[in-house]
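Report on one structure; see the data block that follows.
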Amino acid sequence: RLMRALQAGWPLPLGGATARRSLVFIDNLVDALALCVQHPEAAGELFHVADGEDLSVRELVTRLGVLLARPARLIPVPIGWLRWLGALAGRGAEIGRLTEPLRLDTQKIQKLLGWRPPLATQQGLERTVSWYRTTC
């Protein structure tokens with residue numbers, strides 16, 4: 001939905017969304033899972049997996065806009081207002097997911113298994129936008 005909104009040129013009230021979030025590109029997740037299946041130290045362990053660069057929603061939207069060649073039209077609505085409006089519209093949980101931090105610590109998988117994401121966050125975004133263009 002976010003890429004559709006960007007492509008349509010809709011103004012988005014996410015200019016104040018500065019909480020950082022961990023992302024994981026599907027190819028990085030698959031790489032980590034494949035390593036866990038093969039590595040004896042992974043048995044019985046729980047790992048967090050992420051691309052390694054935590055972005056705010058504002059940064060994510062801005063980067064996606066550049067990749068879509070549709071600059072993001074971000075309106076800096078205060079987060080408190082955004083949450084209030086989201087609650088009124090019955091979308092409080094959705095707004096929470098966009099405005100609250102969600103950062104994962106991937107040190108355990110890095111130290112125990114030596115895993116590093118094969119693709120940088122930017123590469124994952126580029127491939128995601130490429131996929132979006134071919135399917136939508």
| query | Under 3.5 Å, side chain of Ser130 to main-chain N/O of Glu126, donor-acceptor pair present? | reply | no
| Under a single-linkage definition using a 4.5 Å side-chain heavy-atom cutoff for Ile, Leu, Val, Met, Phe, Trp and Tyr, are Leu104 and Leu23 assigned to the same hydrophobic cluster? | no
| task | Show your working on side-chain contact (heavy atoms from CB on, under 4.5 Å) between Arg1 and Glu94 and close with a plain yes or no. | result | CA-CA 12 Å; Arg1 286 194 284 172; Glu94 213 172 324; 2.8 Å; yes
| Nearest heavy-atom pair of Asp54 and Glu59: which atoms, and what distance? | O-OE1, 4.2 Å
| query | Between CG of Leu64 and CE of Met3, what distance do you get to the nearest 0.5 Å? | reply | 6.0 Å
| query | Going by heavy atoms in the side chains, are Gln7 and Tyr132 under 4.5 Å from each other? | reply | yes
| query | What's the spacing between Leu102 CG and Arg21 CZ if we round to 0.5 Å? | reply | 5.0 Å
| said: Taking side-chain contact (heavy atoms from CB on, under 4.5 Å) as the criterion, tell me which of Leu74, Ile75, Val57, Leu98 meets it with Leu12. | reply: Leu74
| message | Could you report the tightest heavy-atom contact between Pro101 and Ala19, atom names first, then the distance? | response | N-CB, 3.5 Å
| task | Check whether any side-chain heavy atom of Cys36 lies under 4.5 Å from a side-chain heavy atom of Ile109, and answer yes or no. | result | yes
| field | Donor-acceptor contact below 3.5 Å, side chain Lys108 vs main chain Leu46 | value | yes
| task | Answer yes if Leu67 and Phe25 sit in the same cluster of Ile, Leu, Val, Met, Phe, Trp and Tyr residues linked by side chain heavy atoms under 4.5 Å apart, and no otherwise. | result | no
| task | Using a 4.5 Å cut-off on heavy atoms from C-beta on, say whether the side chain of Asn28 contacts that of Pro118. | result | yes
| With side chains defined as the heavy atoms from C-beta onward, is the minimum distance between Leu125 and Leu60 less than 4.5 Å? | yes
| Between CG on residue Leu68 and CG on residue Leu2, distance to nearest 0.5 Å | 9.0 Å
| task | Group every Ile, Leu, Val, Met, Phe, Trp and Tyr by side-chain heavy-atom contacts under 4.5 Å, then state whether Ile95 and Leu55 land in the same group. | result | yes
| Going from CD on Gln122 to CG on Asp51, what distance comes out if it is rounded to the nearest 0.5 angstrom? | 11.0 Å
| said: Tell me whether Arg91 at atom CZ has more than 12 heavy atoms from other residues, nucleotides or ligands lying less than 6.0 Å away. | reply: no
| query | Transitively linked via ILVMFWY side-chain contacts under 4.5 Å: Val61 with Trp10? | reply | no
| note | Taking every heavy atom of Val24 against every heavy atom of Ala50, the minimum-distance pair comes out as CB-CA, 4.1 Å
| task | Compare every heavy atom of Ala69 with every heavy atom of Arg133, then report the nearest pair and how far apart it is. | result | NH2-N, 4.0 Å
| request: Establish whether Leu113 and Val30 are linked, either directly or via other cluster members, by ILVMFWY side-chain heavy-atom contacts under 4.5 Å. | output: yes
| When rounded to the nearest 0.5 angstrom, what is the spacing between CG in Leu6 and CZ in Arg63? | 14.0 Å
| said: Testing the basics here: between Asp105 and Gln107, what is the closest heavy-atom pair and its distance to 0.1 Å? | reply: OD1-N, 3.0 Å
| query | Between the side chain of Arg103 and the main-chain N/O of Ser22, is any donor-acceptor distance below 3.5 Å? | reply | no
| remark: Rounded to the nearest 0.5 Å, the CD atom of Gln38 sits from the CG atom of Leu33 at a distance of 11.5 Å
| field | Residue pair Leu14 / Leu82, side-chain heavy-atom distance below 4.5 Å | value | yes
